[in-house]
K.L.:
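Take this structure first; my questions come after.
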Amino acid sequence: MVKTLLKKYDKIIRYLLLGFGTFLVNMWSYGLISKVANYSISYTLAWAIAVLFAYVTNRQWVFESKARGWQLLPEIVNYYLSRGLTFWLGLVIMWIGVQHLNFDDFYVNIARNAMLLIPNYYLAKLYVFRDKKRQVDDKSLTEEELGE
(Lines give C-alpha, C1' and ligand atoms only; values in the text may rest on other atoms or scores of the structure.)
Protein backbone atom coordinates (compact mmCIF):
# COMPACT_ATOMS: atom_id res chain seq x y z
CA MET A 1 0.00 0.00 0.00
CA VAL A 2 2.79 2.44 0.89
CA LYS A 3 4.63 1.46 -2.29
CA THR A 4 1.50 2.18 -4.32
CA LEU A 5 1.09 5.61 -2.74
CA LEU A 6 4.77 6.43 -3.28
CA LYS A 7 4.48 5.46 -6.94
CA LYS A 8 1.23 7.39 -7.38
CA TYR A 9 2.60 10.58 -5.82
CA ASP A 10 6.20 10.20 -6.99
CA LYS A 11 6.32 13.51 -8.91
CA ILE A 12 4.71 15.44 -6.10
CA ILE A 13 7.13 13.97 -3.55
CA ARG A 14 10.11 14.82 -5.76
CA TYR A 15 8.69 18.31 -6.35
CA LEU A 16 8.34 18.86 -2.61
CA LEU A 17 11.87 17.65 -1.87
CA LEU A 18 13.43 19.74 -4.61
CA GLY A 19 11.05 22.56 -3.76
CA PHE A 20 12.56 22.59 -0.29
CA GLY A 21 15.95 22.99 -1.98
CA THR A 22 14.55 25.87 -4.02
CA PHE A 23 13.14 27.37 -0.82
CA LEU A 24 16.58 27.19 0.80
CA VAL A 25 18.24 28.78 -2.25
CA ASN A 26 15.63 31.54 -2.22
CA MET A 27 15.91 32.24 1.50
CA TRP A 28 19.71 32.14 1.50
CA SER A 29 19.83 34.51 -1.50
CA TYR A 30 17.19 36.75 0.00
CA GLY A 31 18.99 36.87 3.34
CA LEU A 32 22.27 37.90 1.72
CA ILE A 33 20.81 40.42 -0.69
CA SER A 34 18.50 41.99 1.92
CA LYS A 35 21.57 43.09 3.87
CA VAL A 36 22.31 45.62 1.12
CA ALA A 37 18.96 46.17 -0.65
CA ASN A 38 15.29 46.70 0.17
CA TYR A 39 12.75 43.87 0.21
CA SER A 40 11.51 44.32 -3.38
CA ILE A 41 15.00 44.25 -4.91
CA SER A 42 16.01 41.38 -2.64
CA TYR A 43 12.84 39.48 -3.55
CA THR A 44 13.40 40.01 -7.28
CA LEU A 45 17.04 38.91 -7.32
CA ALA A 46 16.45 35.95 -4.98
CA TRP A 47 13.48 34.95 -7.15
CA ALA A 48 15.63 34.92 -10.31
CA ILE A 49 18.29 32.76 -8.63
CA ALA A 50 15.74 30.35 -7.13
CA VAL A 51 13.79 30.00 -10.39
CA LEU A 52 16.98 29.04 -12.23
CA PHE A 53 17.68 26.40 -9.59
CA ALA A 54 14.05 25.22 -9.73
CA TYR A 55 14.04 24.99 -13.52
CA VAL A 56 17.20 22.88 -13.67
CA THR A 57 16.09 20.49 -10.92
CA ASN A 58 12.44 20.27 -11.96
CA ARG A 59 13.15 19.63 -15.62
CA GLN A 60 15.55 16.81 -14.81
CA TRP A 61 14.27 15.12 -11.66
CA VAL A 62 10.58 15.94 -11.37
CA PHE A 63 9.15 16.29 -14.87
CA GLU A 64 11.98 14.44 -16.65
CA SER A 65 11.94 16.70 -19.68
CA LYS A 66 13.37 15.25 -22.88
CA ALA A 67 13.90 18.67 -24.48
CA ARG A 68 17.37 19.10 -25.95
CA GLY A 69 19.19 21.75 -27.97
CA TRP A 70 16.91 24.44 -29.35
CA GLN A 71 13.88 22.77 -27.75
CA LEU A 72 15.20 24.07 -24.43
CA LEU A 73 14.60 27.69 -25.39
CA PRO A 74 10.78 27.61 -25.45
CA GLU A 75 10.81 25.43 -22.34
CA ILE A 76 12.97 27.91 -20.42
CA VAL A 77 10.92 30.86 -21.67
CA ASN A 78 7.66 29.15 -20.69
CA TYR A 79 9.08 28.26 -17.28
CA TYR A 80 10.08 31.84 -16.57
CA LEU A 81 6.75 33.16 -17.95
CA SER A 82 4.78 30.81 -15.72
CA ARG A 83 6.89 31.70 -12.70
CA GLY A 84 6.56 35.34 -13.73
CA LEU A 85 2.84 35.10 -13.00
CA THR A 86 3.50 33.96 -9.47
CA PHE A 87 6.38 36.46 -9.17
CA TRP A 88 3.89 39.34 -9.37
CA LEU A 89 1.56 37.64 -6.90
CA GLY A 90 4.54 37.13 -4.59
CA LEU A 91 5.56 40.77 -4.91
CA VAL A 92 2.04 41.82 -3.90
CA ILE A 93 2.21 39.44 -0.91
CA MET A 94 5.55 40.95 0.09
CA TRP A 95 4.21 44.51 -0.32
CA ILE A 96 1.11 43.84 1.78
CA GLY A 97 3.04 41.96 4.46
CA VAL A 98 5.90 44.44 4.75
CA GLN A 99 4.37 47.82 3.87
CA HIS A 100 0.85 47.44 5.24
CA LEU A 101 1.03 44.82 7.96
CA ASN A 102 4.53 45.78 9.13
CA PHE A 103 5.73 42.17 9.32
CA ASP A 104 9.40 41.32 9.06
CA ASP A 105 10.22 40.85 5.36
CA PHE A 106 12.16 37.63 5.96
CA TYR A 107 9.11 35.96 7.52
CA VAL A 108 6.78 37.31 4.85
CA ASN A 109 9.08 35.73 2.27
CA ILE A 110 8.79 32.37 4.05
CA ALA A 111 4.98 32.63 3.96
CA ARG A 112 5.06 33.72 0.32
CA ASN A 113 7.12 30.66 -0.59
CA ALA A 114 4.55 28.40 1.04
CA MET A 115 1.59 30.15 -0.60
CA LEU A 116 3.02 29.86 -4.10
CA LEU A 117 4.13 26.23 -3.90
CA ILE A 118 0.94 24.73 -5.34
CA PRO A 119 0.38 27.27 -8.15
CA ASN A 120 4.02 26.88 -9.23
CA TYR A 121 3.69 23.08 -9.36
CA TYR A 122 0.56 23.15 -11.49
CA LEU A 123 1.91 25.82 -13.84
CA ALA A 124 5.02 23.71 -14.41
CA LYS A 125 3.04 20.49 -14.81
CA LEU A 126 0.24 21.79 -17.02
CA TYR A 127 1.97 24.54 -18.96
CA VAL A 128 5.72 24.02 -19.16
CA PHE A 129 6.40 20.31 -18.87
CA ARG A 130 3.09 18.94 -20.09
CA ASP A 131 3.39 15.45 -21.45
CA LYS A 132 2.77 15.75 -25.19
CA LYS A 133 2.37 11.98 -25.59
CA ARG A 134 -0.29 12.01 -22.89
CA GLN A 135 -2.05 14.92 -24.60
CA VAL A 136 -2.17 12.81 -27.74
CA ASP A 137 -3.48 9.82 -25.76
CA ASP A 138 -6.14 12.04 -24.18
CA LYS A 139 -7.37 12.94 -27.65
CA SER A 140 -7.52 9.22 -28.48
CA LEU A 141 -5.09 9.55 -31.37
CA THR A 142 -2.33 7.09 -31.99
CA GLU A 143 1.03 7.84 -33.54
CA GLU A 144 -0.19 6.10 -36.72
CA GLU A 145 -3.17 8.44 -36.94
CA LEU A 146 -0.82 11.41 -36.61
CA GLY A 147 1.40 10.09 -39.38
CA GLU A 148 4.47 9.62 -37.19
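Predicted model, so just to flag it, every value in this text is computed and none were measured.
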K.L.:
Is there side-chain contact between Y122 and Y127, with at least one heavy-atom pair below 4.5 Å?
P.N.:
no
K.L.:
Is L32 linked to L52 within one hydrophobic cluster, defined over Ile, Leu, Val, Met, Phe, Trp and Tyr using a side-chain heavy-atom separation of less than 4.5 Å?
P.N.:
no
K.L.:
Looking only at side chains, do N120 and Y15 share a donor and an acceptor under 3.5 Å apart?
P.N.:
no
K.L.:
Where do V25 and A50 come nearest, in terms of heavy atoms and distance?
P.N.:
CG1-CA, 4.0 Å
K.L.:
With rounding to the nearest 0.5 angstrom, report the CE to CG distance, M94 to L89.
P.N.:
12.5 Å
K.L.:
Can K8 and K3 be said to form a side chain to side chain contact (heavy atoms under 4.5 Å, CB included), step by step?
P.N.:
CA-CA 9 Å; K8 181 178 180 179; K3 216 176 202 181; over 6 Å; no
K.L.:
Is there a side-chain contact between V62 and K125 in this structure, where contact means two heavy atoms from C-beta onward sitting under 4.5 Å apart?
P.N.:
no
K.L.:
I'd like to know if the side chain of Q71 and the backbone of R68 have a donor-acceptor N/O pair within less than 3.5 Å.
P.N.:
yes
K.L.:
Answer with yes or no whether the side chains of Y43 and N109 bring together a donor and an acceptor at under 3.5 Å.
P.N.:
no
K.L.:
If you group Ile, Leu, Val, Met, Phe, Trp and Tyr by side-chain heavy-atom gaps below 4.5 Å, do L85 and V51 land in one group?
P.N.:
no
K.L.:
To check you understand the geometry: which heavy-atom pair defines the closest contact between F63 and A124, and what is its length?
P.N.:
CE1-CB, 3.7 Å
K.L.:
So if you build clusters from Ile, Leu, Val, Met, Phe, Trp, Tyr with side-chain heavy-atom gaps below 4.5 Å, do V108 and I33 land together?
P.N.:
no
K.L.:
For a side chain to side chain contact (heavy atoms under 4.5 Å, CB included) check, start with the C-alpha distance between L45 and S29, then their side-chain angles and the critical distance, and finish with the verdict.
P.N.:
CA-CA 8 Å; L45 294 175; S29 302; over 6 Å; no
K.L.:
Could you tell me if E75 and S65 have a donor-acceptor pair between their side chains, going purely by distance under 3.5 Å?
P.N.:
yes
K.L.:
For the residue pair W47 and R83, establish whether any side-chain heavy-atom pair is separated by less than 4.5 Å.
P.N.:
yes
K.L.:
Apply ring pair (Phe, Tyr, Trp, His ring centres under 6.0 Å) to residues Y55 and Y80 and explain how you reach the verdict.
P.N.:
CA-CA 8 Å; Y55 169 72; Y80 268 88; 7.5 Å; no
K.L.:
Keeping R59 on the side-chain end and A67 on the backbone end, is there a donor-acceptor pair under 3.5 Å?
P.N.:
yes
K.L.:
Would you check if L81 and V77 make a side-chain contact, meaning some heavy-atom pair closer than 4.5 Å?
P.N.:
yes
K.L.:
Between R112 (side chain only) and I93 (backbone N and O only), is there a donor and an acceptor less than 3.5 Å apart?
P.N.:
no
K.L.:
Can you find a pair of side-chain heavy atoms, one from F23 and one from I110, that are under 4.5 Å apart?
P.N.:
yes
K.L.:
With a 4.5 Å cut-off on side-chain heavy atoms, are V2 and L6 touching?
P.N.:
yes
K.L.:
Any link between W28 and L18 through a network of hydrophobic side chains (Ile, Leu, Val, Met, Phe, Trp, Tyr) touching at under 4.5 Å?
P.N.:
no
K.L.:
For the residue pair N58 / Y79, report whether a side-chain donor-acceptor contact shorter than 3.5 Å exists.
P.N.:
yes
K.L.:
For L123 and T86, run side chain to side chain contact (heavy atoms under 4.5 Å, CB included): C-alpha distance rounded to whole Å, both residues' side-chain angles, the deciding distance at 0.1 Å, then the answer.
P.N.:
CA-CA 9 Å; L123 283 168; T86 58; 3.8 Å; yes
K.L.:
What do the steps show when you test T44 against F87 for side chain to side chain contact (heavy atoms under 4.5 Å, CB included), and what is the final call?
P.N.:
CA-CA 8 Å; T44 302; F87 165 82; 3.6 Å; yes
K.L.:
Under 4.5 Å between any side-chain heavy atoms of D105 and S42, yes or no?
P.N.:
no
K.L.:
How many angstroms lie between atom OH of Y39 and atom OG of S34, to the nearest 0.5 angstrom?
P.N.:
13.5 Å
K.L.:
To the nearest 0.5 Å, what is the distance between NZ (K11) and CZ (F129)?
P.N.:
10.0 Å
K.L.:
Show the nearest heavy-atom pair for residues S82 and V128, with the distance to one decimal.
P.N.:
OG-CG2, 3.6 Å
K.L.:
With the 4.5 Å side-chain cut-off for hydrophobic clustering, are I41 and I96 part of the same group?
P.N.:
no
K.L.:
Would a 4.5 Å heavy-atom cut-off, applied to side chains only, mark N26 and I49 as touching?
P.N.:
no
K.L.:
Would you say I118 has more than 12 foreign heavy atoms packed within less than 6.0 Å of its CD1?
P.N.:
no
